[in-house]
Each structure stands twice: as structure tokens, then as C-alpha cells.
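Single-structure report; data block below.
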Amino acid sequence: MRFSGWKQNAAVRWGLLLLFVLLFYLSMAPHLLPKTYDIELGKRSVRDIEAPKQLKDDKATIQAQEQAADRVQDIYSIVALHSENLLDKLFTRMEQLNQDDQVTDANKVAIYRSEIPQMYNDYVDQFARTNAGNGSYNQTLLDEMAKTVKEQAYRIPEETYYKLPQLTSDQLTEMRQVGLGIVRKLTSDPLSDAETARTKVAELVNASSLSERKTREIVQELARYAIMPNRFYDKQATSDARVQAKENTPEVIIKQGDIIVQKGEMISQDVYDRLSGFGLLQDKRTYWPNLGLLLMSVLFMLVIYSYLEKSSGLWKGGKTGYNNSQLMMLLLVFVLNLAAMHIARLTQTEAVPYVGYLAPTAMGAMLIALLLDAPLAIVSTFLFALAGSVIFNTEPNRIFDFNYGFVTAVVSFAAIFAIHRASHRSTILKAGIMVSLFGSASVVSLLLLQSELPQRTDMILPVAFTFASGLLTAILVIGLMPFFEVSFGILSALKLVELSNPNHPLLRKLLTETPGTYHHSVMVGNLSEAAAEAIGADGLLCRVGSFYHDIGKTKRPSYFIENQTNIENPHDKIDPKLSKSIIIAHARDGVEMQKAHNIPKPIRDIAEQHHGTTFLKYFYYKALKQAEEAGVEPDFTEDDFRYPGPRAQSKEAAIVGIADCVEAAVRSLRNPTMEQIETMIAKIIKGRLEDGQLDECDLTMKELDKIAQTLKETVIGIFHSRIEYPEDAKQKERPA
């Protein structure tokens, strides 16, 4: 294969592949790499700094938890001591002791002075032990209760002890009822300070049924003695409540996009630590994410490279390969598609993420399918889906949002299969509608897979945006196609179909001024298209190229045999050298006319190369005969009677050249037979091979055999009315 120019230059090729790496890196960097800033402690920030991702603020969370714990007030619990039981035990002891005649009053006084305070403490300790064992109260509360109750114990006056032995059973019985009632009443409410209740004892005793002054005084002292506080500080409950308050305090979350440092704000140690936690400080930046993204970008590029390498060999050019021009066009398509994604991403927020569905993500796949080929578009769809998953991801704790990747893949595949073999611009619009329908269906499937159905608005809007995306994709593709066709000289199927319209000025000129050439061109188109498709070349390009390959004959139509109807051949009266010049000029004239009408270069190349450097034998031998007749030495050589070329550079140009010779040769036969046609086609192809006309294109011998066979079958189909098969000839001879 011949390498020439920048389109096949290896340095340009690797430069373009490196640009692919750079494109993928820059496209995903804003979403995968946090920004870093040159921040110094103690100085003011020169810009607003946003949080690059969602992150828990540990320090602020701890501070909020401490504040929540501080707001929890001390908890006081009620402990039902039943102080009246202590008083009841005391009255029982007094009844026993006062009825014992063996004990003197003095001893009784001593006993009361010793037992009564001890009875108080024993009652409290016994209550604490009992309730600690059955788990009614926590031990911390019982310890606090015992301590507080003992601290608030009432000291009975000394003179009261001397009065107790004097009390009779009747007096004790009456006093018991009154005392128990008073203690029960005063301790029924929460009581933190026993002294508060003790101040009310005298009033209640005076209002009681006791009539004797002595019994009233004694009951007052005994009731004050029995009254205990029942509301105590519960340290454990308070601690548990504060722990619970901390646990219930929500984490302080800095959301993605929140301003964490305002312009002009002083960089304190807390702010500096927060920036460090986000990885926003240049001096503490880690380069591992950059390396990871670079490696991912290289892998993306290798997907493209691997496909191009395996696609009939990289950089072959033509239909079966890709040159640097096509690689550059592919790069531009990727740039446009990723740019469209980023533009849509600007309108996307965490609250309204489904705006991303409006992005025309199928545009790239559709353009590649139209301008290059469908398999490459399928490979590119894989990359677009991954890139879309990164670009449209709004979740801070993940790299890919495969919802968008799934939708991108679905709409891209729908576009590729809908646009396959497109022949009219309206096909693009139809493909856009298919993108809308399949995209909407994919979004609905994702919504229905959620654990709970979203609100009606949250279901309608994503579907509406996706549907609009398909129509936007079609509009953009229709608008961009002419740009690519003109800038890169791309002959898409759509462009070729447009150029084949008989109303094109050049074709109309060909039809009206040279009808013979027009008919010849149509026949060559039929032959070349069939031959090209047989070997996998671009049949449509061959057909349209055939329509234009002899357009230069319109400048001097009467000098070409197919247009000489009822007129003499002007070549019979002019010098062979002039005839040669006129004949040869039609290729050059055709190229100039096509340039004036902006006909794409591949079609111009066919017009320029379809004769290659073939030899004009007829005029050469005519000139040679005239020289001999004049008795002069020829002043020319065979090279002077050759087309200037160049030789066919592509399979399509070579096929059109062969078909052109075949059609003209078969037309010259009056009653061609199958054997004549087969022999003539083989002779034409062999002649071109031996003359070196096929040395600069990629046709193989196997492909030439297929071309010969296809041309034979097509010619037989076209000229079937003229062909006289051997069997038919014999049948005709018998009646004669």
C-alpha cells in the first residue's frame, strides 16, 4: 500500500490518538477530580470555594452533638419510699416498748434515742438493697436516693424522747392514724426537699382529730421524722438521655456545591482543616486520582484503536480502513457529543437530575453511523455510555450513574439501527423519533424499577426530556451533516443519493446535451455498482461516480462516438494528435466542471482516474499510418497518446474504469454471445493489469475474478435482448 501525505502519516495518527486521551481526560476530570487551591493559613480567601463532593463534617457534627447533649436538662426520678411504712414501724415499736413494764422509763428514753435514728437509716438501706435486687431502679439512682435521704434526715428534739414512754395504747392508736394520713398526703407529690413538706405538718396536725396538746406535738415531730424526699437526680438516666440526644443529632453534611469558604473569609484553622478534608489544598493534593483518570482515558482510547486495528487493518483508507482524516472526523464527533453532554449537565442539579436526559447523547452514534460505519458507531456507543455515566452523575459517593449510561446506550443503539442505510434526509428525522420512543421506554423502565413510584411530576418530566432529546438529536444531525460532508469531503449515502438526482445541473446538462453519454453513464453505473458490491466496495459511490465520470464530454459532445447520431465523425477530418487531445481533455474538463459545482473529491477522483494512463491505440496507429504515407519519421511516441492519469487510486475508481471499457466494448458488438462477452471482459481486465493500470489500488486477483464474473452476469441481464445464445442460433437455423 502506498502511504502519502498527512492522511497516512504515523506521527499524525498517534497525535490524534493522544488527543482522544486528552479529550476523555478533560471531559471527566471536572466530575472525578477535585479542584485544588493555593490556600495559606491566616490569610483571606480570594474566591468562593465550593464543596466538590458531599462530605460529613466531623468537627461540626461533634459540636452539634455536644450542644444537643447540653440542652438535655438533668433528669429527676421519683422513688416511692413509702415513708408512712417507716412511721408505722415506729408506732408498732412504741406500742411494744411502752407496754413492757420491765423496762424503766429512763431506759425506754435511751432506747428511743438510739433506735429511732437507726431505724431511719436501716429503712433507707433496706429499701435500696431490695430494689437493687429486683431491678426497679438503677443502682446510681438508689445511691443518690440513700445519700440525699440521709442528708435530709430529721432530728427529733431531745424532749420528745422523754414524752414517748408516757403515751398509752389508745393515744398511740389515735396518733398512728393521724400521722400516717399526714405523711401519706405530704409525700404523694414529687418532693425534692423534705423540709418543704415538713413545714406543713403543724397545720395538718392542728386540723386533725387530736385534742391533746402533747399528742399533737409528738405527732408533729414523728411525722417530720418520717417524711423523706422522693424525687432525686438520676445521673444514669440523664447520661443515657444525653447519649440518646447525641445519637439523634443528624450528621452535619456539607453538600456538593455548598460554599465552604466565602470570598474574603479569613482562613482559620477549622476552615483550613475542612479544606484539607476535601482534598482542596494544593500542598496536600494526591495525584493518584489523576493517574487513575489518565489510565481510564488511555483505556477508552485503546477501545477505539483496537477496533480500527482489527477492522481490516488500520489506516488502509477507503471502505475497509480508516485514514487520519477519518480519525480526525471521529475525534470531532466525540468532541461535539461530549460537549453537548456538558452543556446539558450545566442545567442539571441534585434536586432536578433528570434534566440530563435532555442531552442529545445519540447524536455522536448517529453521525458516526452516517459518516463512517455502523460497527464503529456501536463501539463508540460503549464509550459514550460510560462517559455519560460519569458526566451526569450527581451522587458524590460513586463514580458512575448507570441510569444515564443505560439510557445513552439504548438511544444510541436505536439511532444506529434506525439510520442504517439511510438514503434520504427524512430518514434522520425518523431515526430521531425512534430515539425518542426507545429513550422514553428506557426511562420508564428505570422509574418502575424503583422501590416506590415517584410523584407524577417526577415521572412525566424525565420522559418528556428524553422524548425531546430524540427530536433535538435529529435536528442537530441534520444541521451538522453538511458541515462534515464539506469539511472532510465525506460522501455519505445521503449526499450520494442527492448527487444522483437527475435534476442536478451537471446531470441535466449531460442528459440534454449528450444523451448518448448520459445513457452510457447510466449503464456504467449499473455495471460498476454490481461489481463493487460483489467485493464489498462502495457500490453507491461507483454508481454516482459513473454518472459524473464523462461529464467533460459535454464541452465537445460531437467528438464522442455515442453522441454522433446522423452526423459524420469529426475525427475523420482532423489530425490524430488533435483528436487525441480532445479525447484526453474530457477527463480534465470533467474535473474542472465538477469543481465549479462543488462535487465532492471522491467523485472527481473517479472522473480523473477512470482512464488512468491508458493508451489511445486507434489514434496512435492512425498518426503512425499518416507518417508512413507521408514518408516522414514519426515525431511522437506511444506515451504521447496516453491519458495523463493518475492511475486508479481506489477500488471504486478502478471498477468504474473497467465497467466503462466493458460497456463500450459490448455496445460495439452487434450480436454478442455469452462467450464473446466473457472473453472480452477477461481481455479488458488482463489488458489493464498488464498495462499497470491497477498497480496503485487495492484490488486483489480474487476480487478481479469476482468483478469479471459479476460484470458478465450484469451485462447478460442488461443486453439479454441482443444476446444470441448458441442454442437459440441452432433453433433459428433449422426452420431456415
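A quick note: this is a predicted structure, and the numbers were derived from the prediction, not measured.
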Can you confirm whether [X] sits close enough to [Y] that some side-chain heavy atom of one is under 4.5 Å from a side-chain heavy atom of the other?
X      : Y      : result
Leu699 : Ile535 : yes
Ile551 : Ile599 : no
Tyr305 : Trp14  : yes
Thr514 : Lys509 : no
Ile681 : Ile707 : no
Asn337 : Leu367 : no
Phe488 : Leu332 : yes
Met363 : Leu472 : no

Where do [X] and [Y] come nearest, in terms of heavy atoms and distance?
X      : Y      : value
Arg13  : Leu327 : O-CD2, 4.0 Å
Ile685 : Ala708 : CD1-CB, 3.6 Å
Ala365 : Thr381 : CB-OG1, 3.6 Å
Ala415 : Val435 : CB-CG2, 3.6 Å
Ala362 : Thr473 : C-CG2, 3.8 Å
Ser528 : Ile655 : O-CG2, 3.6 Å

Give a yes or no on whether the backbone of [Y] and the side-chain of [X] come within a donor-acceptor separation of less than 3.5 Å.
X      : Y      : value
His571 : Tyr559 : yes
Glu678 : Lys712 : no
Ser487 : Phe484 : no
Arg508 : Asn503 : yes
Gln609 : Gln649 : yes
Asn324 : Asn9   : yes
Glu562 : His520 : no
Tyr548 : Leu499 : yes
Gln693 : Thr613 : yes
Ser469 : Ala359 : yes

message = Salt bridge check, Lys577 against Asp635: does any charged N sit closer than 4.0 Å to a carboxylate O?
response = yes

inquiry  = I'd like to know if Arg667 and Glu663 make a salt bridge, using a cut-off of under 4.0 Å between side-chain N and carboxylate O.
reply    = yes

note = Of Arg604, Arg556, Lys553, Lys595, the one forming a salt bridge (charged side-chain N to carboxylate O under 4.0 Å, His left out) with Asp589 is Arg556

Nearest 0.5 Å, please: how far is [atom2] in [Y] from [atom1] in [X]?
X      : Y      : atom1 : atom2 : result
Thr554 : Met593 : OG1   : CE    : 3.0 Å
Arg647 : Thr614 : CZ    : OG1   : 10.5 Å
Leu507 : Thr512 : CG    : OG1   : 10.5 Å
Thr466 : Leu471 : OG1   : CG    : 11.5 Å
Leu437 : Ser442 : CG    : OG    : 11.0 Å
Ile368 : Asp373 : CD1   : CG    : 9.5 Å

key: CA sep, side-chain torsions, deciding dist, call: Ile658, Leu527, side-chain contact (heavy atoms from CB on, under 4.5 Å)   = CA-CA 9 Å; Ile658 294 172; Leu527 294 172; over 6 Å; no

key: Between His611 and His549, ring centroids under 6.0 Å   = no

ask   = Do Asp550 and His610 pass the side-chain contact (heavy atoms from CB on, under 4.5 Å) test, and can you show the C-alpha distance, the side-chain angles, and the key distance before you say yes or no?
value = CA-CA 9 Å; Asp550 278 343; His610 75 282; 3.4 Å; yes

ask   = How far apart are the C-alpha atoms of Ile583 and Phe560, what are their side-chain angles, what is the distance that settles it, and do they pass the side-chain contact (heavy atoms from CB on, under 4.5 Å) test?
value = CA-CA 8 Å; Ile583 297 299; Phe560 298 91; 3.5 Å; yes

message = With a 6.0 Å cut-off (strictly less than), is the heavy-atom count around CZ of Phe382, excluding the residue itself, greater than 12?
response = no

message = With a 6.0 Å cut-off (strictly less than), is the heavy-atom count around NE2 of His519, excluding the residue itself, greater than 12?
response = no

ask   = What residues, two or more places apart in sequence or in another chain, satisfy ring-ring contact (aromatic ring centres under 6.0 Å, His included) together with Phe24?
value = Phe300, Phe334

request  = Report the C-alpha separation of Met328 and Val12 in whole Å, then their side-chain angles, then the decisive distance to 0.1 Å, and conclude whether the side-chain contact (heavy atoms from CB on, under 4.5 Å) test is met.
outcome  = CA-CA 10 Å; Met328 180 181 291; Val12 174; 5.6 Å; no

